[in-house]
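Below is one structure, written out as structure tokens; the observations come after it.
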Number of protein chains: 2
Amino acid sequence: MKSIPLPAIRRYPLYLRRLKAYRMGGTLWVSATMLAEDLGFSSILVRKDLALTGLEGRPKYGFSIDPLIGAIEESLGWNNRTDAILVGAGNLGSALLGYSGFAQYGLEISAVFDSDPAKIGTKVQGVPVFPMEKLTDFIGRTHIPMAVLTVPAESAQRTAEQLEDAGIRGIWNFAPAKLKLSDKVVVQRVDLASSFAELSSRLKKDQT
Amino acid sequence: MKSIPLPAIRRYPLYLRRLKAYRMGGTLWVSATMLAEDLGFSSILVRKDLALTGLEGRPKYGFSIDPLIGAIEESLGWNNRTDAILVGAGNLGSALLGYSGFAQYGLEISAVFDSDPAKIGTKVQGVPVFPMEKLTDFIGRTHIPMAVLTVPAESAQRTAEQLEDAGIRGIWNFAPAKLKLSDKVVVQRVDLASSFAELSSRLKKDQT
DNA sequence: TAGATTGTTAATCGATTAACAATC
DNA sequence: TAGATTGTTAATCGATTAACAATC
């Protein structure tokens, strides 16, 4: 099992979404050509991406849809459940908690931490909110591997260090700050500024 | 003014953030080497990226910080204000509205639209909420160029078509759905699934 | 001056696309 | 069988990195 390049990995969720939609419609076989057309990719690209799962397609028919879904989910590690905590119960945190789609990724948020005393003991989207003081202990006890970080930029670095010290392995960082941590922790940043920069640039080019 | 490649464009906001932090500290000159070190990039990459702004640096000194900030902002079009509306006043929409950092991009959200009658007439984060029925008219009247789309996935396509028909030019799409629109409209998707896929994959690789 | 840093030209690397034989 | 689609090998493309002379 050689590792799949990141550009392909990033496309996998798009394939997955389409495939599940096909299956809902009762389709049993799907070709790279069809997927490519629907998603606006070149068919060769999709063919290559699907080949990376290790699955073999049938000339003329394409791929059997259920094994394909399974193979992609396995490549992503989405067949196993990933437990996570969410740190920072503001609007963004609530929005993410409320988004039921995460279940599709195998992502399960079991606890929320926040520094605001008014929120402690309440539930946000059905998930209980604990004080920051309990963070280290909770991670140590549960060995939970992942944290979703939705605190303000100012406290992001400090909170991230706390997470690292407690033994977290991966951080999905929504705070607009570049975290400096040891490379024991995998940090994945959702960078709205970069996304907006791309939009700005494409709009500008479009105008000319 | 030749166009700047997207990978560089996506890094520009990171440079900008660092540069502004330096300036707050009173620094007047900054070298590509210094920026590279702080951000974890190779110095050659940063040097190339900065050269794309058209600005010239001084050997031994680097770049004068204020012109550099200005040049990057201009390359991104962030020196001019971009007016936008936000469609979908849920948790995510509120979170984005509440995020004051958008002002740094020149992004100004002047109105919010939502289909929920209970929200009409109220304000979210100080911005007035209008009914969806007024959307087309508002865009037609104000010629506002951009929309931030934070509606549920199910209504994303329909709402996007409404935006296109009304004459919107760019959509920043936070809904987990691939929009099918004419290429008159620039769509920039914030894809949480792709981001999480990358995190999953990197964590998996890290384990071995 | 000496040395750090620039700008530029060439080399490398990886991803995407093209071409085509194999096959259901 | 005929034709669509696969898997694979080679070509292209673009971004990143390396090398190095120019210069403040």
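Just so we're on the same page: letters track the sequence lines, and every chain starts at 1. On a predicted model such as this, the values are computed, not experimentally measured, just so you know.
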Tell me the interatomic distance from A:F41, atom CZ, to C:dA15, atom P, rounded to whole angstroms.
15 Å
Looking only at the side chain of B:L45 (C-beta and beyond, no hydrogens), which of the listed nucleotides C:dT6, D:dT5, D:dT17 gets closest?
D:dT17
Could you check whether the rings of A:F113 and A:F138 sit parallel, tilted or perpendicular, using 30° and 60° as the cut-offs?
perpendicular
Can a side chain N or O of A:R47 be found less than 4.0 Å away from OP1 or OP2 on C:dA19?
no
Do the rings of A:F41 and A:Y15 sit parallel, tilted or perpendicular, given the 30° and 60° boundaries?
perpendicular
Tabulate below the donor-acceptor pairs under 3.5 Å that side-chain atoms of residues 52-72 of chain A make, not counting sequence neighbours, or state none.
from  : atom 1 : to    : atom 2 : distance (Å)
A:T53 : OG1    : A:L50 : O      : 2.6
A:T53 : OG1    : A:L55 : N      : 3.2
A:D66 : OD1    : A:R23 : NH1    : 2.9

Residue B:S31, side-chain atoms from C-beta onward, closest of D:dT6, C:dG7, C:dT6
C:dT6
Report the distance from atom CZ of A:R10 to atom C1' of C:dG14, rounded to the nearest whole Å.
13 Å
How long is the line joining NZ of A:K60 and P of D:dT1, in whole Å?
15 Å
Over how many whole Å does the gap from B:F63 atom CZ to D:dT23 atom C1' extend?
14 Å
Among the candidates C:dT6, C:dC24, C:dT8, find the nucleotide nearest to the side-chain atoms of A:R58.
C:dC24
Of the candidates D:dA15, C:dT6, D:dA10, the side chain of B:A32 sits closest to C:dT6
For C:dT16, does either OP1 or OP2 sit under 4.0 Å from a side-chain N or O belonging to A:S42?
no
Once pairs are restricted to Watson-Crick or G-U wobble with both distances under 3.5 Å, how does DNA chain D read as a dot-bracket string, [ ] for crossings and | for other-strand pairs?
..||||||||||||||||||||||
Nearest 0.5 Å please: distance from the CZ atom of A:R18 over to the CE atom of A:M34.
10.5 Å
A:R11 side-chain N/O to C:dA15 phosphate OP1/OP2 under 4.0 Å
no
So which nucleotide from D:dG7, C:dT9, C:dT17 ends up closest to the side chain of B:K48?
C:dT9
Identify which nucleotide among C:dC24, C:dT6, D:dT17 has an atom closest to any side-chain atom of A:P59, counting heavy atoms from C-beta outward.
C:dC24
To the nearest angstrom, the CD1-P distance between B:I44 and C:dT12 comes to 14 Å
Would the number of heavy atoms belonging to other residues, nucleotides or ligands and lying under 6.0 Å from NZ of A:K134 be above 12?
no
Sequence neighbours left out, cut at 3.5 Å: what donor-acceptor pairs do the side chains of residues 89-98 of chain A make with other protein atoms?
from  : atom 1 : to    : atom 2 : distance (Å)
A:S94 : OG     : A:G90 : O      : 2.9

Nearest whole Å is fine: how far is C:dT16 P from A:I9 CD1?
12 Å
Aromatic plane relationship, A:F102 with A:Y99 - under 30° parallel, 30 to 60° tilted, over 60° perpendicular:
perpendicular
Euclidean distance, atom CG of residue B:L6 to atom P of C:dA15 [Å, nearest integer]:
18 Å
Find the distance B:W29:CH2 to C:dA4:P and express it as a whole number of Å.
18 Å
